[in-house]
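Below, read A as the first sequence line, B as the second, and so on, with proteins coming before strands; counting in each chain starts at 1.
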Amino acid sequence: MSHPNAAAAPAPAGLNNAQMEAVHHLESPCLVIAGAGSGKTRVITHKIARLLQAGYAPAQIAAITFTNKAAAEMRERARALVGSRAAKPLVVCTFHALGVRILRADGERIGLKPQFSILDSDDVLGLLRDAGATTDAATARRWQWTISSWKNQGLDSAGAAQVVADDEERVAQRVMERYEERLAAYQAVDFDDLIGLPLKLLRTDAEARSRWHETLRYVLIDEVQDTNTVQFELLKQLTDHALPERRGKFTAVGDDDQSIYGWRGATRDNLRRLADEYPTLKVIALNQNYRSTSAILRAANAVIAHNPKLFEKQLFSELGEGEPVRVVESDGEEHEAERAVARIQSLRGQGGAVAGGPGGGAVALRDFAILYRANHQARIFEKALRKAQLPYRVSGGQSFFDRAEIRDLVAWMRLLVNPDDDPAFLRAVTTPKRGIGHQTLAGLGTFAGRWKVSLFEALFAESLGAALPRKAVDGLHEFGRFVNDLQHRAGQTSGAEDAKALLQGWLKDIAYEQHLYDGEDQEKLAAARWSNVMDFIDWVSRRCGGEIDTDGGLTTESERKTVLEVAQSISLIASLAERSEEQDVVTLSTLHAAKGLEWPHVMLVGVNEGLLPFKSEEDDMTPERLEEERRLMYVGITRARQTLMVSTLRRRKRGRELVAGTPSRFIAEMKLHTAATQEDPKARLKALRDAAAARVAAAGKPA
DNA sequence: CATACATGAATTTTT
DNA sequence: TTCATGTATG
């Protein structure tokens, strides 16, 4: 991963004492409480090196993360430390990728054929609409959410039947039953299944379990505080070896104060469970922060002190006092945005005047982040930045793989891997249009439903002729033959050059470029889409050529792969090799999406009651909810390296009139007044002098 | 009655 | 940005 602001610990000479202890503790399960910016990736990668030294083979070590990005960064840092040869066989991947690996190898033992398809959330939504016979996307989305949270608690539809609380859930539970039937019929799994099914396998199949215990002998897991119940159970199963001396070989790394995903099933309580269920658990806290100034950390510590503690931890920094944290009050969102822009411009104008500025030179745009609670808040800042002609990037924008044209091609590839993947079939057979319409597909669907076979299987059934007109059947057969032929060739084609030729030939055969220009009235847009398609083709063929995996997916070796093999791993991959990441632009991001990243200059905006902590009408703010919001504030504060500005609205526009806004309680909790913010001119002067002294001290040190 | 446009409101997100 | 709701117009 190449994000310039990714939390790459500014390398201290070696490891500090706590880090060293964490790295060398192999005797019993280990939990590393890694505060923000305390060098946790460093600990994990060094621990991998330590395990290799202790005699583990690389392929026996698994490092599990939550995102592809984190996995890629981890692999890269491990490679830098232990070398390519040792790093290659390491199992560094996401939870879900590990699930895929287990299911591709052993899924047959629980009735899943190895070429099963992975549905993304759009596919799931379509299936649910179908299963629940609704066209209403909002309803289907609620079902999706409900069903997913049941699955994340380890419940199937039968289990969910025991816990339904109201009528809406009762309906969702029935939809879930039909959804499960469909998944089984399509030989497809959703993202939740990628955790749930491997867990089921390991629980019920002793032989498979012991085989996996032989394969993966030591497990490192990142961000444990973000694990949900099912993921936690999977971790336990993976490390629950039959031999006592081989049991509990894991290191979990996390920070209870950065647990911000409770709303999607993550439970901070898993940290406590680790301590409860593993009496020999060694808990090590990393308290030294290598990212932020003392002024920033003091504010962070003060805020989080209002939460009950799970583990004792107090971050400190040796980077100097730094600039005081600034609180700014604005009249309305526009005003706030203008002031944020003004701050960027003034800090940039100042050049290297800020302590430790990159190379002591000008402050770059990429050094700034504007962080907010909710996505819609970005809008007004975008407007202000555009007006000031400052380039920016909004986090969590539409990903490459979400684009319609890419989803078309991915559907085709999924169909090649698993012709029984009905959602993929439907998309491919109608993209581009080939004279197979609603009527034909409805007929085929009815036929397939009656005989309980997939659409693709139904297509070649003898008796289909009785159910559909001759012309329709001919069209379907032609499509089927085309897919079969392409599938055959894709299974034999490997290497970048050949793969590219195959893919280009395929696009030509289906006249995809024409399809794009037909569907778009503006030629420029169609051309842009086609260029995306070309990027996609390049990307797939490069992987066929055996280029080293940079996406954290499954691959641990770099041999040539067939097009079909590459297609197998495609659903899991969320982003192309980051292309725009290195541009010098201001970052706009939600607090959630900012986790794990850092910037020299951070602005937290919209820090108001109602927004942060967030509160909606029908929402009773439980203490737990408030604590999670506070952790969100904590995460925001600890993203900043040199300066932090916290912005709040005195007044907000509501409709046409301005209404009073209340600064967030978290601002008071930062306890800035002692150091001086704006009230006391004398104290402020002193703070400025201190900061200047700190700058001088910092400038004397090598970077 | 249906469609077009304007207005206002808006949790958080990965795989 | 998107999504839903409401008003105005054909």
Side-chain angles (χ1 to χ4, degrees), chain A residues 64-72 93-101 103 117-124 136-139 141 144-145 148-149 151-152 189-198 222-223 226-228 230-231 234 258-266 333 371-383 386 392 394-399 401-402 410 551-554 569-575 588-596 606 608 610-619 621 625-626 628-633 635-636 652-657 659:
Chain A
I64 311 300
T65 63
F66 273 85
T67 64
N68 286 320
K69 203 167 143 189
C93 65
T94 62
F95 251 116
H96 293 84
L98 179 66
V100 172
R101 176 183 278 237
L103 290 179
S117 301
I118 302 163
L119 303 186
D120 66 28
S121 57
D122 269 14
D123 300 322
V124 170
D136 179 27
T139 311
R141 237 188 297 272
Q144 186 175 19
W145 199 86
S148 176
S149 34
K151 285 189 170 200
N152 286 335
V189 300
D190 62 25
F191 284 130
D192 300 324
D193 292 333
L194 293 179
I195 316 296
L197 293 179
D222 195 15
E223 311 271 21
D226 288 340
T227 52
N228 62 37
V230 180
Q231 287 161 335
L234 182 60
Q258 291 187 72
S259 165
I260 55 176
Y261 285 107
W263 51 275
R264 65 176 196 206
E333 282 91 341
L371 308 181
Y372 39 81
R373 178 63 234 259
N375 278 313
H376 65 85
Q377 292 174 268
R379 217 192 98 259
I380 197 115
F381 291 92
E382 289 185 67
K383 198 171 151 195
R386 265 199 305 272
Y392 61 86
V394 185
S395 78
Q398 201 192 26
S399 106
F401 278 77
D402 288 336
V410 169
D551 58 50
L554 297 172
S569 62
I570 233 161
S571 309
L572 266 191
I573 295 157
S575 67
L588 298 179
S589 171
T590 61
L591 289 164
H592 282 93
K595 187 162 148 225
N608 275 59
L611 251 180
L612 183 65
F614 186 88
K615 180 157 173 25
S616 70
E617 310 286 297
E618 71 282 10
D619 175 46
M621 175 70 77
R625 278 269 338 273
L626 178 64
E628 182 153 317
E629 295 293 312
R630 188 175 280 119
R631 290 194 291 272
L632 211 42
M633 178 77 180
V635 166
R652 309 172 59 180
K653 263 222 195 82
R654 215 177 162 80
R656 214 143 285 155
E657 79 264 56
V659 298

Residue [X], side-chain atoms from C-beta onward, closest of [options]:
X	options	result
A:Phe191	B:dT12, C:dT1, B:dT15	B:dT15
A:Tyr261	B:dT15, B:dT11, B:dT13	B:dT13
A:Arg264	B:dT11, B:dT13, B:dT15	B:dT13

Using whole Å, what does the distance between atom [atom2] of nucleotide [N] and atom [atom1] of [X] come to?
X	N	atom1	atom2	result
A:Ile380	B:dA9	CD1	P	14 Å
A:Asp190	B:dT14	CG	C1'	13 Å
A:Arg379	B:dT11	CZ	C1'	17 Å
A:Arg141	C:dT2	CZ	P	13 Å
A:His592	B:dT14	NE2	P	11 Å
A:Leu612	B:dA10	CG	C1'	16 Å
A:Phe614	B:dT13	CZ	P	12 Å
A:Lys151	B:dT15	NZ	P	18 Å

Between A:Leu591 and A:His376, who's closer to the 5' end of DNA chain B by nearest nucleotide?
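On the 5' side of the pair lies A:His376.
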When you compare the ring of A:Trp263 with the six-membered ring of B:dT12's base, are the centres less than 5.5 Å apart and the planes under 30° from each other?
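It does: the ring sits over the base of B:dT12.
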Under 4.0 Å between a side-chain N/O of [X] and OP1 or OP2 of [N], yes or no?
X	N	value
A:Ser121	B:dT15	no
A:Asn68	B:dT14	no
A:Asn375	B:dT12	yes

Could you tell me whether the side chain of A:Asp226 reaches within less than 4.5 Å of the side chain of A:Lys595, counting heavy atoms only?
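They are in side-chain contact.
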Rounded to the nearest 0.5 Å, how far does CD1 of A:Ile64 lie from NE2 of A:His96?
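With rounding to 0.5 Å, NE2 (A:His96) is 12.0 Å from CD1 (A:Ile64).
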A:Tyr372/A:Leu612 under side-chain contact (heavy atoms from CB on, under 4.5 Å): CA gap, chis, key distance, verdict:
CA-CA 9 Å; A:Tyr372 39 81; A:Leu612 183 65; over 6 Å; no
Is A:Glu628 salt-bridged to A:Arg631, going by a charged N under 4.0 Å from an acidic O?
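Judged by the 4.0 Å cut-off on N to carboxylate O distance, A:Glu628 and A:Arg631 do form a salt bridge.
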Salt bridge check, A:Glu629 against A:Arg373: does any charged N sit closer than 4.0 Å to a carboxylate O?
yes
